[in-house]
Each structure stands twice: as structure tokens, then as C-alpha cells.
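What follows is one structure encoded as C-alpha cells, with my remarks underneath.
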Amino acid sequence: MPDYILLRHRQIPDLDRLEVYMQHGGFEAFKKAVTTMKPEEVVEEVFQSGLRGRGGAGFPTGLKWRFIDKNNTPRYVVANADESEPGTFKDREIMEGNPYQFFEGVMICAYAVGADTAYNYMRGEFWELAHVLDDKLAALEEAGLLGDDLFGTGFSLRIHNHLGAGAYICGEETALLESLEGKLGQPRLRPPFPPSFGLYGKPTIVNNVETLANVPPIIEKGWQWYKSIGTDRSPGPKVFSLSGNVEKPGNYELPLGSTFRELIFEHGGGIPGGKNIKGIMPAGASSAIIVADEEALDTPMDYESVQNVGSLLGSASIIVIDDSVSMDWLVKKTLHFFKHESCGKCTPCREGTYWMTHLIDRIEAGMAGPDQVDLLNTVAQNIEGKCLCALGEFAIQAVMTGIQRFPEDWAQPEPVAAD
Amino acid sequence: MTNTVTLTIDDLQVTVPAGTLVVDAAKRIGIDIPVFCYHPKMEPVGMCRMCLVEVGRPQIDRETRQPVLDEHGSPVVQFGGKLETGCTVQVSEGMVVRGVTEKVQAGRNEILEFILTSHPLDCPICDKGGECPLQNLTMAHGPGTSRFLYDDKIQLAKHVPLGELIYLDRERCIQCARCTRFQDEVVGDPVIGFFNRGRSLEIVTFSDPGFDSIWSGNTTDICTVGALTTADFRFGARPWELNAAASICNQCPVGCNLTFNTRREAVSGGNFVIKRAMPRQNEAVNEIWICDKGRFTSYHFSESEDRLTQPLVRVNGELVPAEWGEALDIAAEKLGAARGSLLALAGGRLSNEDLFNMKSLSDHLDGQAVLDTHVAGGELVAAYGLAPGSNLGDLGPGDAVLVIACDLEQEAPLWWLRVKQAAERGATVVVANPRLTKLDRSASHHISYTYGQEISALERLPEAFTKARDRVVFFGAEGLGLAGSARLAKALAELVSGFERTGMPNNGLVAVHPHPNDQGAWELGFRPAADLAAAFSAAGAAYLAGSDPLGDGLVSEADLDGLDCLVVQDLFLTETAARADVVLPAQAYVERDGSYTSGERRVQRFFSAVPEPAGTRPDFTITAQIAMRLDLELESRIAPRAFANLAAACPPYQGLTYVKLARVEEQFPIVGRGDMYYGGTTYENSQGLGVQLPLQEGVVNAWDAPAVQETVAGLSAVPITRLYDRGALASRSRTLAPRLDEVQVVLHPKDAAALDLSSGRKAAIHLNGGSGMEVEVALDPGIPQGYALVPRSMGVPVHRPVGASLRALEGELAA
Amino acid sequence: MNQLQQKYGPEIKKILAKYPADQKRSAVMPLLYVAQREKMFISKQDMDEIAQVLDLKATEVASIVGFYTLYHDQKEGSSRIQICTDLPCALRGADLFAEELCEQLGIRLGGTTADGKVTVEGVMCLAACDKAPMFQLQNGSGIYYHENQTVDQALELVDSLRNGS
Ligand SMILES: Cc1cc2nc3c(=O)[nH]c(=O)nc-3n(C[C@H](O)[C@H](O)[C@H](O)COP(=O)(O)O)c2cc1C
Ligand code: SF4
Ligand code: FES
């Protein structure tokens with residue numbers, strides 16, 4: 001097995017202890033950055049590496065860092081540890097098993113963009129983990145790795161954990177910032193984007209936990225090394241969260257561009273109970289559902305290829321669906337999720353998710369005619385392209401692809417004449 | 001000059017300032033882009049998604065950074081795949097906006113269908129029906145049939161009181177957040193908010209009392225549906241039955257423009273009655289807002305049961321009804337007899353026309369024309385006030401505002417709002433006051449002093465003020481009597497006269513008077529009396545209009561004993577009127593035409609909204625009818641003529657006519673005009689923006705501060721001003737009644753502790769060793785020790801600093 | 001000083017120190033957790049007091065309570081068993097698990113045991129999809145994950161919660 005880059009705790013016991021992490025080269029990259037590199041050089045290194053955001057959108061991380069407004073202070077770094085997409089549980093494992101690598105990434109980012117304060121916004125459910133991480137941060141302060149005048153360079157940095165309280169929408173970066181400001185977690189209008197107008201209106205970099213965990217190895221080993229992993233346009237390692245109807249669910253660290261087949265059958269042990277694979281949701285509940293035919297299974301899991309088969313890689317939370325699952329049931333599950341999580345700020349998502357759950361409930365219960373399936377599809381189409389943030393778009397993916405790509409699951413009984 | 005941008009909207013070219021939003025640019029050329037959440041007075045939020053448009057932008061060559069041209073030499077315009085929200089997109093050069101394509105229409109129809117899925121469609125019983133943005137836009141974009149099953153609708157509470165003034169219908173709310181954003185963003189009172197999320201979002205208030213803001217009524221104007229209605233108007237009438245009469249609020253010196261909505265009602269014998277007061281747009285005065293006192297107090301008093309409707313004369317010690325002719329004869333005879341010793345005392349709610357006639361009569365009889373007020377300096381404002389062309393809305397970076405001895409939000413709410421906004425635009429705001437007031441939130445500097453030390457506080461003005469470009473100074477009389485107020489005004493006039501840009505627009509002095517037309521009274525020659533009691537004692541006869549010195553505790557019964565005759569003209573049988581020899585029933589301002597001069601010296605007209613109660617006459621008419629009997633010719637019937645006489649005789653008003661006051665010009669944002677979806681139900685101003693008076697050269701008839709000592713040893717009771725007082729008009733508002741403040745005295749916690757008093761406790765206050773009056777104790781650690789703050793017009797007559805003692809009343813600990 | 005400050009003064013100070021002095025509002029969520037600790041719900045008085053500490057209006061604090069699902073404005077079970085019944089867990093039997101547990105306890109999903117001690121509810125994905133069936137236990141002291149659960153294990157936990165251990 002090749003060496004892990006992100007899930008290194010699986011090879012190194014007790015990596016969550018500072019001294020162990022230090023013994024294995026911990027904070028060398030941070031020290032290198034702060035003591036030997038200019039902030040711009042750090043940004044360039046990350047830019048050249050081709051690292052793309054692991055939170056879902058796949059936006060080039062170095063480019064985001066370049067956008068930081070240098071004429072405004074203070075600046076902030078905010079780690080997105082809201083991890084709430086159904087089927088996603090990778091950031092949690094990184095923070096539990098390899099927390100210092102993640103923090104080191106936060107610290108390098110802060111140095112690169114000139115931030116002296118960083119927040120780690122975690123979903124409220126990570127309450128136990130947050131308390132563990134509080135101790136980790138205290139250990140870092142004690143070790144002189146966080147605080148004032150680090151390495152005698154004048155660079156100062158503090159990191160604080162902040163707990164959300166149960167709202168998927170707070171994973172959306174501007175809703176997250178609102179929430180961190182003590183307001184309702186509702187997305188902001190964009191532009192302006194966080195690098196110019198972020199936390200408290202100040203320049204802010206928001207990055208996913210996994211994204212940040214990629215940074216120390218890049219600084220340590222250089223961008224050329226990093227680019228050699230994965231594909232040209234989607235370089236680097238990725239933690240795939242595998243869940244659903246699969247023998248061995250869990251996180252798997254593989255290079256981007258590995259195929260679905262490799263993940264699901266080689267690593268995940270295939271489909272249990274002698275059933276067949278029917279569909280794949282590559283980006284959690286927000287996915288357009290891929291019909292799991294041979295061609296789909298051989299598709300490399302990188303941002304471009306998954307898009308080519310009519311879906312998105314997103315956060316790479318692969319939910320496997322076997323042939324015992326009917327899509328109307330599945331869509332009912334996703335719709336109830338999105339209805340529950342719609343923040344309510346914009347009309348199509350707020351009203352549309354509500355309307356769709358009423359339709360799907362009747363459809364799934366066999367109490368609606370085919371016209372109601374058409375109406376469900378129409379309502380989804382009417383939401384498309386009109387929402388303030390991506391949640392509304394996410395909500396219709398399973399609906400539209402579930403209906404289009406699995407038509408046999410929607411055969412409705414002729415309506416029974418009521419009397 | 002700001003940069004401009006030229007773009008095309010639906011084939012029409014328009015040039016607007018850079019930064020303009022597409023919806024506003026469209027509105028300027030008469031193109032309607034439907035909106036719900038967007039409001040031109042608030043930041044865009046892009047929530048409702050109704051304003052969808054197609055937006056094309058010129059394609060730019062990456063190399064040359066020049067627009068790419070097609071074969072005809074015109075720029076190639078690229079349209080994005082998605083519809084965009086016109087309320088959030090700023091215009092850019094060469095932009096092409098399409099609002100009438102099939103794609104756009106379909107998009108808007110779909111959004112409207114979404115909104116209607118959760119709406120109860122109870123328009124037939126909805127107060128907003130007829131002026132409802134949702135109803136109107138449904139006519140334009142709504143589906144003919146509903147694809148949403150009626151059974152799936154959520155049933156929600158329909159009569160939720162958000163406090164005593166505003167009711168919420170939860171079913172009708174479409175979550176546009178205009179109300180919550182108004183409260184937070186515009187007036188800084190986030191006392192209503194969203195609860196829950198998604199489809200369960202609902203408006204709640206957790207303040208005590210509910211919706212605790214003096215601005216709450218405005219939310220009903222900008223509500224896009226009938227979710228928010230006022231306790232005043234709900235179930236009161238249908239909007240299309242209403243007539244509109246332009247008016248001016250008579251509650252404070254700002255002079256907010258109002259429209260009274262009226263209709264005939266069976267209960268009033270088929271007569272017109274006022275159904276509600278609405279704001280009327282005047283971007284230089286109140287923009288499109290009014291405060292709740294204006295909305296709920298400006299007319300109820302006129303409907304009061306206890307209006308006087310017949311003259312009264314004293315016969316054998318009793319007031320008995322009399323004919324007008326008889327009463328006027330007696331009044332004229334007695335007042336005429338007092339030639340040389342007449343005291344003419346006017347209240348600041350009289351119109352310019354009333355005051356002019358009264359002053360003329362007083363002069364004719366060699367009388368003394370006295371204004372009943374506690375704020376001095378009106379004559380200084382005439383010389384150093386705001387010059388024509390002033391608009392607080394123009395203050396911005398580099399400019400400064402000083403507010404001294406005044407709680408601006410409580411005394412003149414709209415000025416507070418305008419100064420707050422100036423601060424948000426970048427102006428420096430300096431507040432000088434012994435305690436913190438709401439304006440301090442917007443202030444960059446607070447100058448603290450002890451009551452009585454106002455003038456020395458001026459030595460501490462920050463550079464940000466002394467070096468500013470345009471400077472406006474507001475002053476009140478917090479903690480001061482008339483003498484103190486006069487001294488402060490004089491010091492401020494000296495300060496202002498030294499401004500580099502004095503005499504230019506937006507530079508000068510504004511007195512925060514207690515009444516709507518106090519400034520008019522000063523301009524027309526009225527002056528306060530240094531010692532009103534002494535003035536009464538010295539007078540042979542007194543002629544009062546709109547003033548109740550006895551009721552207000554300004555004079556005692558004994559002070560009136562020496563008068564040969566007391567003539568009182570009023571709406572009600574006030575305490576003073578009950579002592580009069582002749583009582584003359586006046587008309588309320590909503591029943592007649594007239595004009596006021598605001599604190600910013602803007603002369604504005606009000607129009608008769610409803611017929612007068614039989615037996616009443618306008619003040620100027622009554623005065624003219626007395627004058628006629630004394631061989632003085634004054635206009636008695638027609639307000640514009642009375643005003644013309646005034647303009648001819650009084651220099652500041654020279655050349656003004658009612659016609660000039662009635663002039664309007666295009667204002668932005670556009671409001672009214674049948675499409676309420678944009679600015680709200682605020683009325684468009686088609687009846688006049690008023691005219692600002694030119695500054696007078698030098699101070700005319702300066703009023704010198706009487707030399708009275710205004711400091712006392714020991715605990716000193718000092719007057720402050722509260723908006724929700726218990727004055728003659730506020731106490732007659734049935735809507736506002738539950739909100740009126742308790743009779744309170746505010747103490748420093750340490751003083752209170754020493755007196756064994758705590759917050760909410762009932763106490764007896766004794767002024768100058770007099771008899772005790774019951775008050776409720778409130779605490780404020782921000783006030784100086786040694787003072788008891790007593791709100792004016794609450795029944796405890798503190799008109800200047802006076803010695804006070806307090807003692808707890810037994811067992812009255814409030815809950 | 002209000003009751004919350006009297007009780008949790010040092011902790012509140014520590015929380016406030018995390019945020020810029022002029023951005024106290026950021027502390028509203030941590031303070032709500034503090035306020036919820038004892039009763040497992042947030043009362044009007046709590047909201048008023050937090051508002052006082054942070055210079056907010058009570059309504060602003062209430063909005064936060066309403067928006068986020070981990071805050072409760074009503075008294076329910078002093079412990080909450082929140083079973084993830086979202087898609088990935090449901091594909092691995094979470095719905096069945098929830099159903100059985102409720103049946104054994106004689107309550108419906110979302111209901112509270114008769115002694116008022118334990119509320120069982122279905123919740124959205126908890127980022128433990130590979131360890132279904134799973135739930136989190138929320139009580140005053142915090143939130144604890146219980147993963148790869150059987151109904152018997154869950155019942156045992158409920159028992160211990162009801163017996164006050
Ligand atoms: C509805 C919604 C939920 C999201 N949830 C998360 C999340 O839980 N974690 C995350 O890192 N990014 C999430 N994102 C993406 C963030 O908005 C943002 O793109 C990301 O934090 C940027 O970091 P990255 O560039 O490192 O990926 C979500 C986006 C949306 C629209
Ligand atoms: S799409 Fe949904 S979650 Fe996003 S802003 Fe609109 S209502 Fe909120
Ligand atoms: S989104 Fe533009 S008006 Fe509401």
C-alpha cells in the first residue's frame with residue numbers, strides 16, 4: 001500500500017498527539033513557510049500544485065488565495081468543518097485522526113494571506129471532537145507554534161474552534177460566515193466573495209478541512225511532487241467517503257482519477273447480499289444520480305470525468321445504491337433532507353422543496369397519478385437556475401435524474417376514483 | 001461628478017450613475033421590473049427572485065481589453081445562460097437588459113406560482129386588498145389555476161399581535177424580510193425577526209412590549225402583502241374607498257409630510273372621517289417614513305368626544321353656552337379695553353396664518369405676543385439656520401453634525417433617522433449630553449457634561465467637527481429651563497456664525513422645538529416670556545390660543561386672578577379654558593387649510609381633510625372676527641389670503657404664496673402611482689414640497705436670556721423630553737394609549753439606593769418642597785448623580801431645574 | 001450582572017475572548033449552549049440575558065434559537081436520542097432501527113418517554129454514514145456519538161438515562 005498523505009494516522013499510531021506528529025516531520029512545512037518563504041511564494045506554490053477545493057466546488061485553492069484583498073486588514077482564515085452533506089464523513093476522520101496536519105494547513109494558509117486569526121467552524125454535532133481540538137490548540141500554543149511572534153518573525157496567529165448548531169446550509173461558505181458572526185445561517189449575495197468581503201466584512205479565506213490538510217505536504221515536498229498524483233486537471237489525493245449499499249463503507253484515500261469500480265468493488269468489497277449496483281451518487285444527497293452501468297463504473301473520479309457522465313464529483317461522498325432501492329423512495333429521502341435544510345431565504349428553494357415533499361410523499365405512497373410525477377419534475381425544473389445559493393440546485397438533482405434516468409421506478413397506479 | 005453608465009433596457013437607452021441597480025435604472029425610465037424583497041431604501045438581498053431579467057454584457061477582447069465588434073461595428077453582447085436578479089445586478093457600460101422575453105416572463109411566472117403556493121389567497125377579507133403588491137403582480141404574472149393542492153397549505157395564526165400597534169397574519173407573509181430589514185438596517189431596532197427556517201420561517205418579536213420600536217408603522221407600508229397591518233386601520237376600510245388629503249404631522253418640528261385617508265361613514269352621520277395617517281414622500285424632510293407618534297396621534301384627538309363645539313361665556317361665575325356673535329363681542333370689548341396691557345399667548349401648534357393674525361391683533365392693541373415654549377433661540381435660527389437648498393440627506397463624508405442637550409430620536413424622530421443616515425454615509429456625528437441616547441450609536445464622539453454645563457462642553461468639540469466642511473447643529477433643552485436654553489442657543493449661534501460656510505446650504509443651527517410651528521411663531525415675531533407667571537400678573541387681559549399654561553403647571557390660579565378678562569381659544573376645555581371668561585371653540589388643523597414652518601424653516605401646507613364639527617372656527621378666523629370688532633381688518637375666511645397678507649408683512653416669508661408651497665418635482669425613489677410593489681404604500685407627493693425660508697440678515701428682535709439662577713443644591717429635578725408623553729394630543733390617541741410611558745423619574749442607581757428606591761418602585765416626588773406626586777422610578781447608570789430626570793408633559797411640572805425630594809411609597813414594588 | 005453572568009462568569013469571559021471586542025455577537029451560539037446546559041432548553045429569560053451580555057435584542061437571540069436545530073425553546077426530554085435516518089444510514093437499516101427502538105419504548109419517533117426523560121427523534125445526516133445504525137445523544141452536558149448500534153445497546157442506554165445514571 002502506498003503511503004497515506006492525508007489519512008496518515010492509519011499508518012502512524014497516535015498521530016493525534018503533538019509529539020508524535022512532530023516526530024514525523026510535523027510543522028516543518030509551517031516553519032519552512034514562515035521562516036524561509038514570502039507569503040506570495042506560499043500562495044504561488046499552492047497555485048502551481050493545482051490543488052482544488054475539497055469542499056465540493058473544486059475551486060483552485062491557490063487562485064482563491066491570490067484573490068485575498070491585500071489592502072484591507074485584519075484578514076481571516078476560516079476552516080469549513082461543517083461537513084453536513086449526507087454521505088460525507090471525511091473531514092471528521094481527518095480532524096479526529098490527523099488534526100495537526102489540518103491545523104498546520106490552516107496555519108500555512110494564514111501566513112500566506114496575512115491573517116492573524118483563524119476560526120475552525122465545525123458542525124455542532126462535532127461537540128466531542130471540538131473539545132478534543134480545543135486541547136490540541138492549547139498544546140500548540142504551549143509549544144509556541146501558535147501565539148505571538150512565531151519563530152521570532154513577528155508573525156502572530158491564533159486559532160479558535162467555533163461550533164455550529166445543526167444547519168446544513170452553514171456549510172455554504174457565506175452562510176457559514178453569517179453564522180460565525182452570530183446571525184442566521186443564510187447565504188449572502190455574491191459577489192463580493194469572501195477573499196474581499198468575508199468575516200466581519202474583512203478579507204477571508206474559507207477552505208474545507210481536507211483542502212487545508214493537503215497544504216503541508218505541498219509546501220514540504222513541492223508542487224511538482226503534488227502534481228504527479230492524480231490527473232493533470234484534478235491533481236492530488238482525495239479522501240472518498242463510501243457509504244450506502246456497499247460491503248465495506250468508510251473513507252478511502254485514493255488519487256483523484258481512480259475509478260468508481262476500483263473504489264466500490266476493489267476497496268469497498270462490492271455490493272452485499274448478492275444484489276447488483278443500480279446507481280451511484282458521487283456527491284452525497286446533492287448528486288445527480290448516475291446509472292451504474294459498466295461505462296459509469298470505469299469513469300475516473302475526477303472533477304471533469306464525473307461531469308462528463310452527467311453528475312458532479314462534489315465532495316466525493318459516494319453513496320452506492322443497489323437494485324432493491326426504488327428511486328421514488330430515495331428521492332423522498334433527499335427531498336425531506338433539503339426541505340428540512342432549506343434556509344428559507346429565497347423563494348424557489350423555500351417553497352419548491354416544500355411543494356416537492358408533498359408531491360413525493362403522495363407519489364411514494366402510491367397515492368398519486370403519473371401527472372403528479374410530471375408535476376414533480378416540472379417543479380424541479382422551475383427551481384433550476386433561480387436560487388440564491390446552490391442548495392436549491394442540489395435539491396433538484398436527485399429528483400430530475402431519478403425520474404429521467406430511472407423511469408421504471410415511477411410507474412404509478414391509475415388513480416383510484418374516490419367516492 | 002459621479003461616473004455615469006449607459007445601458008439598454010428593453011431597447012430603451014438610459015444613463016444612470018455607476019453603481020445603480022438594474023431595477024432602479026429601469027424604474028427611472030418607466031420600465032417595471034417586479035420586485036418583492038427589494039426596496040429602494042434598503043440594501044438588495046436577492047431573496048424573492050421575482051425580479052428576474054436576462055442580462056447581456058459586451059464581450060471584451062482579452063488582449064486589447066476593448067469590446068469585440070460584430071460586422072456592423074456594434075459591440076457583441078453575450079448573454080449568460082441563467083436569468084439574473086435585477087435587484088442585485090449593478091449596471092455596467094453597454095449592458096443590455098431584457099425583461100420582456102418569454103424566458104423572463106416564464107421565470108417570473110414560476111416564482112410567483114411558488115409564492116402563491118403558501119399564500120392563503122384571502123384577498124376578499126384582507127386590508128391590503130387594492131393596494132397589495134402581491135395582488136397586483138399576480139394580476140400580471142400569476143397562474144390562472146393552482147397546481148398546488150389546497151390541502152397542502154399550512155394553516156397558521158392570522159391575528160398575531162406584535163404588540164399593541166401592529167398585527168401579523170402569519171399565513172400571508174411571503175418572507176420577503178422587508179420588515180425585519182427595515183427595523184434592523186434603517187432604524188436600528190431589530191425587535192422583530194425570523195424564527196425557524198425554510199418554509200417554517202415566521203416573524204416573531206421577543207421585545208417587551210412587543211415590537212418595541214417607534215418606527216413600527218412603516219413596516220405596514222412596505223409589507224408586500226397584508227401580513228402586517230396597524231391596529232389603527234385593520235378591518236377599517238377598503239383602500240379604494242379612501243380619499244387622500246395632504247397634510248403635515250403636527251407632533252414635532254420636523255414637519256413630516258402626511259396623507260390622511262378619509263371616507264364617509266354611517267357612524268359619523270355620513271360625514272367624512274379620517275381612517276388612517278400615511279407618510280407622504282418628501283425626500284428632503286421625511287423621505288417616505290413617519291414615526292408611530294405621527295401615524296397614531298396626528299388625528300385621533302380631533303375625533304375626541306370632548307371637543308368644544310360652542311362658545312362659552314362666564315355669567316355669574318359660570319361658563320354658559322353662547323352664540324358666536326355674543327362671545328366675540330364680549331371678547332373684543334374686554335380685550336380692546338386692555339389696550340397696552342394685553343398678553344397674547346400662542347401655542348406652537350397654531351398655523352402661520354393663525355399666528356400672523358394673532359400677532360397683528362396683539363400689535364394693534366399694543367399687546368405682548370408670547371410663545372408658549374421651553375426651547376429658546378428661534379430668532380437666532382432665523383439668522384443662522386439652514387439656508388434654502390439644505391437637505392440632511394446630502395450630508396456625507398467630511399461633514400459633521402452636533403446634537404446637544406437633546407435626545408433626538410425621542411424629540412424629533414425623523415431628524416434622528418436622517419442624522420443616523422448621514423453618519424452611515426460618512427458624516428461625523430457628535431453628541432453632547434450628560435447621558436447616552438440612541439443617537440450615540442451613530443456618533444463618533446460623545447461629549448459628556450453635567451446638566452447646566454452645556455456651554456463649557458462646547459470647548460471640547462473634536463477636530464472632526466471643527467474642521468468639517470458642512471456643519472449642522474441641533475439643540476434641545478434637555479435639563480434646561482428657558483433661560484438655560486436661551487444661553488445655550490446664544491453660544492451656539494456664536495459658534496455657527498463663525499463657520500466658514502455659514503449661510504450656505506447644510507450649515508447652521510436647528511432648534512429642536514417642542515411643537516410643529518414654534519419656528520414659525522419666532523419668525524412671525526412671537527417671543528417667550530421670561531417669567532410667564534409674572535407676565536400674567538402684569539397683564540390686564542389675556543388672549544390665549546392653543547396654550548394651557550395652567551394645565552401645564554406654568555402658572556398658578558393665583559397668577560390669573562388679576563386679569564380683567566381671560567379669552568381662551570382651544571379644541572378642548574383645558575384647565576386654563578375652564579378659568580376663562582370667554583371660551584372660543586377652534587378647529588383642528590385636519591379640518592382646515594393652513595401652513596407650518598418646520599424647524600428646518602421649511603414652510604409647508606396642510607389641507608383640510610375632514611369637515612369641522614359644527615360650531616367650530618379656524619383660529620385665524622376667530623382672531624380676525626375679534627379684530628374686526630376692534631377696527632382691524634384681517635383675513636377671516638380664506639387661508640391663502642391670510643398667508644398672502646403674512647407674506648407681504650413678514651420679511652422671511654416675502655414673495656411666498658400657497659402656489660409656490662404646492663410645487664413638486666420628480667423624486668426618487670418613485671412611490672405610489674398605483675404600483676405599490678416598489679416603494680410601498682407611501683403616498684406620492686403631488687401637493688407640495690414646501691419652501692425653505694431665506695436666512696435673515698442679522699438677528700431680529702433678539703430675545704435675551706432672563707437672569708435666573710438655574711442651578712439648585714441637593715437633588716435637582718430636571719426636565720427631559722420623551723416621545724410617548726401624556727400631552728393633550730397623545731393622550732387622546734386610542735391606538736397609542738397602551739404605549740404611553742408611565743409617569744417616570746429617572747435616577748442614578750446610587751442616588752436611588754441612597755433613597756431606598758429601586759427600578760419599577762413607586763415613589764412620591766416633591767418639587768421645591770411642594771406636595772407629593774406619584775411617579776415610577778427608573779434607573780440609568782449613565783446619568784450624572786444628583787439629578788432626577790422628569791419627562792415633560794407627564795403631569796409633573798418640571799420646567800427648569802428645581803430642588804426635589806423623593807420618598808418610596810409603601811409596598812408598591814412593581815412586578 | 002444577570003443570572004447567567006453570575007453562574008458562568010469566567011466561562012463567558014473565555015468565550016468572548018475568542019472574538020474581536022467589537023464583534024461580541026459571534027458569541028451568541030456558544031452562549032446559547034451554555035444557557036441550555038442545565039434545563040436542556042432555552043427560556044425567554046436566557047435569551048434576554050444573553051442579549052444583555054452581547055448588546056443584542058432578545059429577538060435577535062431568539063432568531064438564532066429558532067434557526068438551528070440543536071437549540072430547543074421548549075422543555076422536552078432531558079436527553080435526546082437523535083437517530084440519523086438520512087439516506088446513507090437508511091440504506092443501512094436506520095429507519096428499521098428507529099422504528100424498533102421506538103416500539104420497544106412505546107413511543108412514536110419524535111416522542112418522549114412518559115417520565116419525560118428521553119426524547120427519541122430522527123435527524124439528518126451526522127457524518128457517520130459508515131457506522132449506521134447510529135445516533136447522537138444530546139443532553140445538557142453535550143453531544144455524544146453512539147455508532148454501529150443495535151437496538152439492545154440503545155435500550156440499555158435509554159435505561160441508564162431513565163434511571164438517572
Ligand atoms: C449547500 C452547501 C453546503 C455546503 N457544505 C459544505 C460543507 O459542509 N463543507 C465544505 O467544506 N464545503 C461545503 N460547501 C462548499 C462551500 O460553500 C465552499 O465552496 C467551500 O467551503 C470552499 O472550500 P474549498 O475551496 O476548500 O472546497 C457547501 C456548499 C453549499 C452550497
Ligand atoms: S437556495 Fe435554499 S438554502 Fe440557498 S438561499 Fe435559497 S432558500 Fe436558502
Ligand atoms: S430578488 Fe430581486 S426583488 Fe426580490
Side-chain angles (χ1 to χ4, degrees), chain A residues 165-170 174-175 178-179 183-192 336-362 367-368 371-372 374-376 378-389 391-393 395, chain B residues 21 36-38 43-52 54 80-85 87-90 103-104 106-119 143 146-154 173-177 180 184 190 193-202 224:
Chain A
Y168 167 66
I169 187 60
C170 290
T174 59
E178 288 285 292
S179 177
K183 301 175 187 155
L184 297 194
Q186 293 187 324
R188 297 177 182 167
L189 282 180
R190 296 181 308 170
H336 276 269
F337 172 78
F338 287 112
K339 180 197 125 196
H340 188 261
E341 300 302 336
S342 167
C343 81
K345 186 166 183 176
C346 73
T347 304
C349 171
R350 180 186 67 237
E351 304 294 339
T353 53
Y354 177 79
W355 191 356
M356 289 192 297
T357 52
H358 279 268
L359 291 169
I360 192 70
D361 283 355
R362 269 196 297 274
M367 287 158 52
D371 59 322
Q372 295 292 295
D374 290 343
L375 180 56
L376 176 62
T378 307
V379 173
Q381 280 167 3
N382 290 354
I383 293 172
E384 193 173 17
K386 298 200 192 74
C387 295
L388 179 67
C389 85
L391 188 146
E393 302 293 329
Chain B
L21 298 165
F36 288 114
C37 67
Y38 179 69
E43 290 296 312
V45 284
M47 291 170 68
C48 74
R49 319 304 285 175
M50 188 64 194
C51 59
L52 297 171
E54 282 186 73
K82 272 194 187 179
L83 296 172
E84 296 185 43
T85 43
C87 74
T88 63
V89 174
Q90 291 186 1
K103 186 173 170 184
V104 168
R108 292 179 188 167
N109 293 357
E110 285 152 20
I111 294 294
L112 199 76
E113 183 180 28
F114 279 130
I115 291 174
L116 291 176
T117 56
S118 61
H119 193 77
S146 175
R147 297 191 286 183
F148 185 85
L149 283 189
Y150 198 82
D151 290 352
D152 288 347
K153 284 203 198 268
I154 317 180
C173 171
I174 62 164
Q175 287 84 21
C176 68
T180 54
D184 188 15
F194 276 131
F195 199 74
N196 294 327
R197 69 186 187 211
R199 186 61 201 88
S200 306
L201 278 181
E202 58 184 25
T224 45

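Since this is a predicted model, take the numbers as computed values, not measurements. Throughout, protein chains are lettered first and strands after them, A, B, ... in sequence-line order, and every chain is numbered starting at 1.
Heavy atoms of B:I154 lying under 4.5 Å from chain A belong to its backbone as well as its side chain. Using a 4.5 Å cut-off between heavy atoms, A:L388 touches chain B through backbone and side chain atoms alike. Looking at B:L201, the atoms closer than 4.5 Å to chain A (heavy atoms on both sides) all sit in the side chain, from C-beta outward. When heavy atoms are compared at a cutoff of 4.5 Å, A:C387 approaches chain B solely by way of its backbone atoms N, CA, C and O. Heavy atoms of B:I111 lying under 4.5 Å from chain A belong to its backbone as well as its side chain. With a 4.5 Å cut-off on non-hydrogen atoms, A:E384 does not touch chain B at all.
For the pair B:R199/A:T353, no side-chain contact is recorded, criterion being any heavy-atom separation below 4.5 Å from C-beta on. The side-chain heavy atoms of A:R350 and B:R197, taken from C-beta on, include no pair separated by under 4.5 Å. The shortest distance between side-chain heavy atoms of A:L184 and B:F194 falls below 4.5 Å. Inter-residue side-chain proximity for A:T378 and B:R147 is flagged as met; some heavy-atom pair is nearer than 4.5 Å.
Here the straight-line distance linking atom CG of A:L359 with atom CG of B:L149 works out to 7.5 Å at 0.5 Å rounding. Considering CE of B:M47 and SG of A:C343, their distance stands at 7.5 Å, rounded to 0.5 Å.
Your options are B:L83, B:L52, B:V45, and the one with the most heavy-atom pairs under 4.5 Å with chain A is B:V45. Contact count against chain A (heavy-atom pairs under 4.5 Å) is highest for B:G198 among B:G198, B:S200, B:C48.
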Chi angles and distances behind the side chain to side chain contact (heavy atoms under 4.5 Å, CB included) call for B:H119, A:E351: CA-CA 10 Å; B:H119 193 77; A:E351 304 294 339; over 6 Å; no
Check against salt bridge (Lys or Arg N to Asp or Glu O under 4.0 Å), B:D152 and A:R362: CA-CA 11 Å; B:D152 288 347; A:R362 269 196 297 274; 2.9 Å; yes
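Of all heavy-atom pairs between B:R49 and A:P348, the closest is CG-CD, 3.5 Å.
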